[in-house]
Amino acid sequence: MHDAHGSVTPEPSEGTQSVRSAGARGGRGSGGGPKSVRRNTAVVMLGTLGSRLSGVFRQQIINLFDNTTMDAFTAAVRVPNLLRELLAEGALVNSFIPVYKSLNTVERRRLAQVFSGVMIAVNLVLTAVGILAAPWVVDLLLADNSNVDPVLTLYMTRLVMPFLMLISLSSVAMGLLNADEHFKESSFAPVAFNIASIIALLLLPQQATWLAMGWLIGGLAQLVVQLPALNRFGLLPRPTLGRHPALGRVLKQMAPFTLTAGTRQILNVYVSRLLSNAQLFPPGTQAGYTNAEALFTMANGLFVVSPALAMFPRFSQLAADGNWTGFRALTLQGLRTTTFMAAPISALLVALAPYAASIFNLSGTMPETRFNAASGILSGWALALIPWAMVTILLRTFYARERTRDAVVISAVGFVLEVVLYNALVPVIGFWGFGVSTAISGVLMTLALIWMYRRAVPLPLSPLLNHLGRAVPLAGLAGLTAWVVSLLLPDAGPLLPSLLVLAVAGGLGLAVYLGGAVLLKMPEVDGVTRRLRRG
């Protein structure tokens, strides 16, 4: 799935500088106010942009492989990804940072040592089990009448399993850096993943073995580039198998993620089996799904996940300090900022999905089945950007308050609902069924999370509703503008003409949105206009 669910591509680390002040509990506070949050967000977005753009180039190289190899690789990398979210990115960052922020400097170091030792031990066991159990896992992922080669999938699955260890340790490094608001170093680590993978894919033979090995080389690079920063800031832990009083708190916070991760993986397994069903979809659909996922995660990661990740340490500190006025203000800021950015991107992706899918047509000979799957799935998923922007911010507010159980129960119910909707809608409306299902689930989860949030922290809804009442219609006008302009330009397909259409039609659509926002005096564009006046 995409970022909201756990994607095939590595999640970007996030970053900015260290911001320190006297915190109520641990000697290090969030330091600074909204200005430093914006600075953090800008650095994270820059790192995410580099990660996603280099990830698109990596995906372009992978698209040079035939449908058989790319479909098998897409299914194979799902196996370590079924486990990584629980042990790595989502569970680690959202569970570790609030506990870490509540400790003093000495106890933070001790906790990091014990926690990293536990992570290494658990990952060694799971990697071995994953390799041994790969035949049963592949049978679970592929339909009985599969359009994906099961033998090749099994072979590649065993090759990529060590990626679980690499991404988990990389996430430990990311969590330690981000907890102290050293975002810059971790934000650009995924760029190293992509660059290393690209170099490997360009230099090594174009074979299934080396496609898998390129993935592992990238995972190793993402871990290694963060080690100097950890050492420089005195955060590099010496892993040890021992005990720490706060470790139980971290594990307690991680435990509910078992429910969320389990239900999310039910969705991912269902999607994999659905895409490999030869009665519904032709070969190449898995590859097209991955292409759509890469584009969606680029948009979602840059405009939604990056601001949420940059704000999360601040949410954690405000919760630790009991500053609920600031917490509420930061929540509204996060919701407005992410939806303001997500709205035009959503509309433009709906309007220009075929042109966006053409980005991966590097050779000019992309199979039609792969292209149709990518453009159809992407256009539907684009509808989900706004609701999932709100879900992403709201979930962080629960994790920061260590109310993990409430958040994951809502998430688990949302993912179960999505499976039900996929089963009902995809056979009827095809590729659009993926996006419509995700959008409906996102809207319902948003409503549930807001209701639960307001039970603990008063949250005025009128500013948010007024904001959405302006942003969404403006986004619709931007998408309509882009679609009309695209009708006057070349059809989607070849790479260079498609890039031209994206630049012209997308640029005009975005100009309409920003122009309307200026006319409506939306606060989110104030910073931009002030900089233009000073320039």
Side-chain angles (χ1 to χ4, degrees), residues 14 16-42 44 93-95 97-104 178-181 183 249 253 304-341 389-407 410 445-471 521-527 530:
E14 55 283 1
T16 170
Q17 64 209 63
S18 171
V19 182
R20 299 182 183 178
S21 68
R25 296 187 185 177
R28 295 182 193 179
S30 55
K35 187 174 181 180
S36 60
V37 172
R38 289 194 295 268
R39 188 167 59 242
N40 290 357
T41 301
V44 175
V93 175
N94 293 317
S95 303
I97 288 180
V99 176
Y100 183 88
K101 294 284 281 187
S102 70
L103 303 175
N104 61 43
N178 289 355
D180 273 11
E181 301 198 30
F183 293 103
R249 287 174 57 197
Q253 292 298 315
V304 175
V305 177
S306 293
L309 291 171
M311 291 178 180
F312 185 57
R314 191 65 46 84
F315 274 126
S316 298
Q317 191 66 54
L318 290 169
D321 295 343
N323 184 354
W324 302 115
T325 299
F327 193 92
R328 180 173 61 248
L330 186 61
T331 301
L332 285 172
Q333 177 190 342
L335 291 171
R336 290 172 62 105
T337 299
T338 53
T339 53
F340 177 79
M341 293 187 292
M390 300 179 71
V391 167
T392 301
I393 292 294
L394 290 168
L395 286 175
R396 263 62 179 189
T397 69
F398 282 84
Y399 301 145
R401 291 182 288 137
E402 299 189 37
R403 298 290 300 273
T404 308
R405 183 179 62 181
D406 294 340
I410 294 296
M445 287 177 64
T446 298
L447 295 175
L449 289 169
I450 288 176
W451 177 73
M452 295 177 67
Y453 182 106
R454 298 183 74 194
R455 292 177 64 188
V457 181
L459 181 69
L461 294 182
S462 57
L464 179 61
L465 295 175
N466 290 336
H467 165 77
L468 293 175
R470 291 180 290 176
K521 297 181 180 180
M522 297 181 69
E524 289 72 22
V525 296
D526 284 349
R530 282 197 299 268

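The CZ atom of R455 lies 8.0 Å from the CZ atom of R403; values are rounded to the nearest 0.5 Å. Taking CE of M522 as the reference point, atom CZ of R336 lies at 7.0 Å (rounded to 0.5 Å). One distance of note links CG of D321 with OG of S316; it measures 10.5 Å at 0.5 Å rounding. Here the CG-CE distance, from L394 to M445, works out to 9.5 Å after rounding to the nearest 0.5 Å. The CG atom of L468 lies 12.0 Å from the CZ atom of F340; values are rounded to the nearest 0.5 Å.
Minimum interatomic distance between N323 and G326 (heavy atoms only, all atoms of both residues): OD1-N, 3.0 Å. Between I393 and T331, the closest heavy-atom pair is CG2-O, 4.2 Å. Summarising the geometry of F312 relative to A400, their closest heavy-atom pair is CE1-N, 3.6 Å, with the distance given to 0.1 Å.
Proximity of a side-chain donor or acceptor of T337 to a complementary backbone N or O of G334 within less than 3.5 Å is not detected. With R401 contributing its side chain and T397 its backbone, the two residues share a donor-acceptor pair below 3.5 Å.
Not a single ring pair (Phe, Tyr, Trp, His ring centres under 6.0 Å) links Y453 to another residue, sequence neighbours left out. Residues satisfying the side-chain contact (heavy atoms from CB on, under 4.5 Å) criterion with A329, sequence neighbours excluded, are absent altogether.
Looking at heavy atoms from C-beta onward, P460 lies in side-chain contact with L332 at the 4.5 angstrom threshold. Under the 4.5 Å side-chain criterion, counting only non-hydrogen atoms from C-beta, V391 is in contact with L395. L335 has its side chain out of reach of H467: every pair of non-hydrogen atoms, C-beta onward, lies at least 4.5 Å apart.
For the pairing with M311, the side-chain contact (heavy atoms from CB on, under 4.5 Å) check across L318, L330, T338 returns one residue only, L330.
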